[in-house]
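Reminder, nothing fancy here: chain letters follow the sequence lines and each chain counts from 1. Since the structure is predicted, the reported quantities are computational estimates derived from the model, not experimental observations.
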Number of protein chains: 2
Amino acid sequence: MAARLSAPERDCWRWASASLRRWGRIGADAVQWAARARRGANERAGGGAGATAGGCKERAAATAEAGDSGGQPAAMAAAAAAGSDDARCVRLSAERARALLADVDTLLFDCDGVLWRGETAVPGAPEALTALRARGKRLGFITNNSSKTREAYAEKLQRLGFGGARLEVFGTAYCTALYLRRRLAGAPGPKAYVLGGEALAAELRAVGVACVGVGPEPLQGDSPSAWLNAPLEPGVGAVVVGFDPHFSYMKLTKAVRYLQQPGCLLVGTNMDNRLPLENGCFIAGTGCLVRAVEMAAQRQADIIGKPSRFIFDCVSQEYGINPERTVMVGDRLDTDILLGVTCGLKTILTLTGVSTLGDVKSNRESDCMSKKRMVPDFYVDSIADLLPALQG
Amino acid sequence: MAARLSAPERDCWRWASASLRRWGRIGADAVQWAARARRGANERAGGGAGATAGGCKERAAATAEAGDSGGQPAAMAAAAAAGSDDARCVRLSAERARALLADVDTLLFDCDGVLWRGETAVPGAPEALTALRARGKRLGFITNNSSKTREAYAEKLQRLGFGGARLEVFGTAYCTALYLRRRLAGAPGPKAYVLGGEALAAELRAVGVACVGVGPEPLQGDSPSAWLNAPLEPGVGAVVVGFDPHFSYMKLTKAVRYLQQPGCLLVGTNMDNRLPLENGCFIAGTGCLVRAVEMAAQRQADIIGKPSRFIFDCVSQEYGINPERTVMVGDRLDTDILLGVTCGLKTILTLTGVSTLGDVKSNRESDCMSKKRMVPDFYVDSIADLLPALQG
């Protein structure tokens with residue numbers, strides 16, 4: 001059997017099987033949520049593709065770092081010009097944008113790398129969103145960042161000129177709270193051990209889930225038995241791993257002890273390996289912390305954020321979305337675009353963030369079906385490119 | 001292609017491709033070390049099996065926790081009785097032990113779970129080692145634990161009645177130092193950023209590698225830019241990840257920043273997911289910390305400990321070992337036994353630690369060649385079972 005598989009095929013199968021394991025579980029939970037939203041996408045295949053994101057994401061980033069071309073590959077341009085069936089990832093000209101927007105009610109945007117970088121708005125992006133609102137389009141903001149509440153995101157949207165209200169924001173802090181509210185329903189006093197910040201805890205508390213563990217937790221004692229004897233809170237029904245700059249070995253130890261208790265859930269806000277900042281800098285992402293807990297606990301976490309369709313289901317429940325009349329706009333193939341493809345949305349990649357056209361080319365040419373799906377319908381240099389189609 | 005592969009085959013390929021990536025790299029480094037030791041094992045296949053240990057180990061542990069049988073499976077006993085070609089994992093009777101020991105010069109022992117559990121010697125184990133020494137056998141101790149120096153291990157061996165001297169101990173702290181001495185040779189002032197304890201740093205310093213980073217490192221500042229502006233030490237040529245109870249997000253951030261510097265090595269002492277303690281308790285193992293750093297840095301670490309053959313090569317260099325006349329005794333299939341198989345040694349599984357006969361059965365029946373290799377030649381309930389063959 002071995003000799004029949006090429007190296008890319010072996011990679012493909014590795015990703016596929018990892019994905020089936022991870023996303024099979026999420027799928028079981030999400031089934032209660034997703035009745036309205038599940039159109040257009042093959043659920044099992046979508047789960048598979050979603051599950052591969054960890055592997056594919058890491059490889060995509062490595063490719064980009066290795067200096068893979070960021071320019072538009074000639075073959076892609078030729079395919080687009082010829083209008084062939086393979087003509088995905090077409091540059092969104094003003095003419096195409098007009099045609100697209102005529103068929104669209106709702107646009108969902110990732111935030112970091114799409115609307116802004118750090119504290120600086122992408123030039124022209126606020127004007128583009130203002131024009132979309134003026135045309136009656138409904139906007140939503142979907143972010144894997146768990147370190148801000150809906151209110152804090154709405155305030156940032158306002159501050160940087162995008163308009164926007166709390167109810168338009170779907171961050172992983174808020175969506176994790178929705179998930180726990182459902183999964184811990186019936187518990188006398190739902191409580192979570194939170195590896196994360198105050199924003200995540202605030203969203204959980206807002207749905208009635210008490211939180212313990214937020215903030216620094218230095219080592220207690222100088223031996224493994226002392227670490228294992230540190231007191232645990234009673235009644236913890238879930239360990240939630242989000243972005244936690246106070247992550248420590250002591251927290252890891254406690255998390256694993258809670259997870260040994262019968263029925264204790266393990267939930268990760270997202271699996272991003274890095275959190276990009278301005279000027280090409282980055283810090284370690286939540287995925288690194290989730291992996292450490294998963295490995296010690298020998299369990300896989302339920303993941304809330306993109307590319308898990310759970311976060312889309314949250315939007316869909318509140319908005320009543322028709323996927324065929326919805327666009328997902330993002331800067332990452334392995335989270336934003338994959339989510340859109342999985343959920344049957346139209347997809348636009350913007351080149352102001354993480355992924356490049358070189359990454360798209362690599363995915364198209366891959367022998368791995370999971371990677372082949374991480375290709376957008378359209379791309380723009382910046383979402384400011386939507387402006388000409390909205391003027392006049 | 002998909003339809004031709006069964007689920008186990010897909011798993012197999014996932015592990016195999018992960019292993020080839022990881023161990024291809026180790027192999028390149030180890031080639032300079034291993035000229036004398038490379039007999040009896042197919043290097044490429046061995047590397048592959050070694051590389052799969054992460055995946056297989058986790059699955060084996062999960063199987064054991066799920067209550068898979070720990071008794072001797074009937075099929076295995078029948079095969080052993082029939083003396084078939086498949087008759088590996090035979091109970092080591094006194095008669096078989098006498099025959100085995102007659103052909104053996106050297107016995108290599110894992111420590112935790114084999115000689116002792118926590119601070120308690122396995123009953124009869126000290127007497128067995130004393131009897132082996134009396135018969136002129138050479139003994140060595142190979143441990144993935146990086147939290148003790150050679151001296152500290154020798155002291156524990158003495159304290160628990162095993163005899164033993166510093167030069168017989170090959171721990172990952174010491175072997176990591178050997179690795180860095182070689183890899184950083186020629187650097188004007190070799191220096192490592194150490195996620196680990198004082199013992200690891202002491203072994204590194206003993207070979208001339210300066211160490212920074214040992215001990216607590218709480219969060220400095222309250223924003224990503226503050227974390228990224230915390231001062232780095234100049235001249236750090238390697239990040240070493242060992243067992244570090246002071247592991248923190250701040251350390252993770254610094255590690256990734258060092259790893260962005262040209263030529264900076266990433267070395268992990270071992271990939272064990274858990275560190276077993278007495279009474280079935282455990283704490284998170286070094287592998288959890290290595291994975292977090294790998295994921296953030298988008299790099300794979302060079303791994304020193306079992307089942308990497310680098311640690312065996314360290315023994316071989318000092319002992320001048322003939323693999324055909326050497327036995328590896330351990331309690332884990334995915335580290336100890338796999339190391340022995342990879343290096344062409346005879347192997348004995350002892351049932352006083354992590355792995356069970358149920359795990360052996362699962363490996364034998366697997367469709368994955370990498371798992372099939374994780375089967376010992378012999379097993380004992382405890383190494384005290386060697387005593388009858390050594391008496392009289």
Where Pro224(A) and Leu277(B) come nearest, the two heavy atoms and their spacing:
CB-CD1, 3.7 Å
Please answer whether the main-chain N or O of Arg291(B) pairs with a side-chain N or O of Arg291(A) as donor and acceptor at a distance below 3.5 Å.
no
Counting only non-hydrogen atoms closer than 4.5 Å, does Pro216(B) touch chain A with its backbone (N, CA, C, O), its side chain (CB onward), both, or neither?
neither
Identify which part of Asp222(A) has an atom lying under 4.5 Å from any heavy atom of chain B, answering side chain, backbone, both or neither.
neither
Over all atoms of both residues, closest heavy-atom pair of Ala292(A) and Ala292(B):
CB-CB, 4.5 Å
Tell me, do His246(B) and Met250(A) make a side-chain contact under 4.5 Å, heavy atoms counted?
no
So how far is it from Cys288(A) SG to Tyr249(B) OH, rounded to the nearest 0.5 Å?
7.5 Å
Shortest non-hydrogen contact from Asn273(A) toward Gln298(B)
ND2-NE2, 2.8 Å
As an exercise: rank Pro245(A), Pro218(A), Ser248(A) by heavy-atom pairs under 4.5 Å with chain B and give me the winner.
Pro245(A)
Chain B heavy atoms under 4.5 Å from Leu275(A): which part of the residue, side chain, backbone, both or neither?
neither
To the nearest 0.5 angstrom, please state how far the CZ atom of Phe247(A) sits from the OG1 atom of Thr253(B).
12.0 Å
Considering only heavy atoms, which portion of Ile283(B) lies under 4.5 Å from any heavy atom of chain A: side chain, backbone, both, or neither?
both
Residues in residues 256-264 of chain A that sit under 4.5 Å from chain B, counting heavy atoms only:
Val256(A), Gln260(A)
